[in-house]
Amino acid sequence: MSGNPAVVMRLVASAYSVAEKAGAIVRKVLHSGDLGIVEKTGANDLQTLADRLAQKSICASLSRRFPKITIIGEEDLPIEEVREDLIENGQAEDILQRSCPEQYRALKEEELVVWVDPLDGTKEYTEGLLDNVTVLIGIAYGGRAIAGVINQPFYNYQLGAEADLGRTMWGMLGLGAFGFQLQEVPADKRIVTTTRSHSNKTVTDCVNAMEPHEVIRVGGAGNKIIQLIEGKASAYVFASPGCKKWDTCAPEAILHAVGGKLTDMCGNAYCYNADVKHMNSAGVLATLRNHDYYVSRVPQSVLQALKSD
């Protein structure tokens, strides 16, 4: 692409490199053997040294290059000088070469909001369920998730010590999504993916109402969206307020870029403005196809149990 790439393309290109750096940090902490675990609100809500270092790396790296963007990260960390070895200055050249969709060419830094989950699937990370773990960087404009980067730090870890670990996928509305092979579950099959560690009666009732042929219980919102786009699940159903905007922004952008949909349980879109509340109070329903069918199956009792956002 000739000339200076649009701000949003430079931001996505930076987010790609920054997510890869964060993935390397997440691996390094695990291999060190000292996870530095603290409980935030309880045993199912953990924070590790990897969460803290990865968030510092992501936020400091992006804000240094794009000082006017708003960055909202999951971890509540003190303001302090970030070590230079945590800063990532690289940008993915392939992304910089792409032509920015017309509607985003004139966007300014101050119009963009970045939602960061430095380590999605922390509980699974501490338990060695490494394929559940992702790094999520979502970019929103006008309240809408328009671009996202997902890094899987331990992709291929089952192949053993010689494996080349990790992969990064990204997507943008109007451009598509890259870094994976889009696949779909056969049309006559309904496979629902849902929470592994945050289940309750409302969640279970809603999953059962979908009349699934199979239910997959795994950790991490990013991981569940990857299942949708790689043909392992038809719908991600989570009828509970446990998910936050930093869990869904990046995955939603990638899913929408390939024609999928992520909403609350009523079928309403979530808003990613800087001033919205962080909790996705009305649950999460995501599909690659046939979203309306799944929305129509949500029981009234479930809708009444959830507050609309």
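Index from 1, following the sequence.
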Decide whether [X] and [Y] are clustered together by the hydrophobic rule: side chain heavy atoms of Ile, Leu, Val, Met, Phe, Trp, Tyr closer than 4.5 Å, transitively.
| X | Y | value |
| --- | --- | --- |
| Leu255 | Tyr270 | yes |
| Leu77 | Val29 | no |
| Tyr155 | Leu165 | no |
| Ile71 | Tyr16 | yes |
| Tyr236 | Val218 | no |

Neighbour count above 12 (heavy atom, 6.0 Å) for [X] [atom1]:
| X | atom1 | result |
| --- | --- | --- |
| Gln158 | CD | yes |
| Lys261 | NZ | no |
| Asp76 | CG | no |

Under a 4.5 Å cut-off applied to non-hydrogen side-chain atoms, are [X] and [Y] in contact?
| X | Y | value |
| --- | --- | --- |
| Val298 | Met210 | yes |
| Pro153 | Val135 | yes |
| Val114 | Ile72 | no |
| Cys100 | Val8 | yes |
| Leu62 | Ile137 | yes |

Would you call [X] and [Y] a salt bridge, taking side-chain N to carboxylate O under 4.0 Å as the test?
| X | Y | result |
| --- | --- | --- |
| Glu74 | Lys244 | no |
| Glu93 | Arg10 | no |
| Glu110 | Lys108 | no |

Looking at [X] and [Y], what are the two nearest heavy atoms and their distance?
| X | Y | value |
| --- | --- | --- |
| Val237 | Cys206 | CG1-SG, 3.8 Å |
| Glu39 | Leu46 | CG-CD2, 3.6 Å |
| Val18 | Ser61 | CG2-CB, 3.7 Å |
| Leu175 | Ser99 | CD2-O, 3.6 Å |
| Ala253 | Leu173 | O-CD2, 4.0 Å |

Has [X] got a side-chain atom pairing as donor or acceptor with [Y]'s backbone, closer than 3.5 angstrom?
| X | Y | answer |
| --- | --- | --- |
| His256 | Ile146 | no |
| His213 | Ile191 | no |
| Asn200 | Val203 | yes |
| Asp247 | Cys243 | no |
| Asp120 | Gly222 | yes |
| Asn132 | Gly219 | yes |

Yes or no on side-chain contact (heavy atoms from CB on, under 4.5 Å) for Tyr272 and Arg144, after CA distance, side-chain angles and deciding distance? CA-CA 6 Å; Tyr272 295 94; Arg144 194 174 180 209; over 6 Å; no
Ring geometry between Tyr157 and Phe154 (parallel below 30°, tilted from 30 to 60°, perpendicular above 60°): perpendicular
Can you classify the ring geometry of Trp115 versus Trp246 as parallel (below 30°), tilted (30 to 60°) or perpendicular (above 60°)? tilted
Assess the side chains of [X] and [Y]: does a donor N or O sit below 3.5 Å from an acceptor N or O?
| X | Y | result |
| --- | --- | --- |
| Lys21 | Ser17 | no |
| Thr263 | Asn268 | no |
| Gln227 | Thr193 | yes |
| Thr168 | Glu20 | yes |
| Asp51 | Thr48 | yes |
| Asn280 | Thr248 | yes |
| Gln47 | Arg52 | yes |

Stepwise side-chain contact (heavy atoms from CB on, under 4.5 Å) check, Cys266 with Leu303: CA-CA 7 Å; Cys266 306; Leu303 296 177; 3.8 Å; yes
Take Lys28 and Ile25, measure what side-chain contact (heavy atoms from CB on, under 4.5 Å) needs, and give me the verdict at the end. CA-CA 5 Å; Lys28 187 176 179 182; Ile25 291 168; 5.6 Å; no
Assess whether side-chain contact (heavy atoms from CB on, under 4.5 Å) is satisfied between Leu285 and Asp264, documenting all intermediate values. CA-CA 6 Å; Leu285 180 61; Asp264 67 14; over 6 Å; no
Please assess Arg65 against Glu109 for the test salt bridge (charged side-chain N to carboxylate O under 4.0 Å, His left out), listing each intermediate value before the final yes or no. CA-CA 10 Å; Arg65 193 182 275 268; Glu109 273 186 42; over 6 Å; no
Could you please spell out the steps behind the side-chain hydrogen bond (donor to acceptor under 3.5 Å, both in side chains) verdict for Ser14 and Gln91? CA-CA 4 Å; Ser14 288; Gln91 293 182 299; 3.0 Å; yes
Walk me through it: do Arg64 and Glu84 pass the test salt bridge (charged side-chain N to carboxylate O under 4.0 Å, His left out)? CA-CA 11 Å; Arg64 183 177 288 194; Glu84 207 55 38; 2.8 Å; yes
Taking it one step at a time, do Glu75 and Lys40 satisfy salt bridge (charged side-chain N to carboxylate O under 4.0 Å, His left out)? CA-CA 10 Å; Glu75 307 308 336; Lys40 292 197 286 187; 2.9 Å; yes
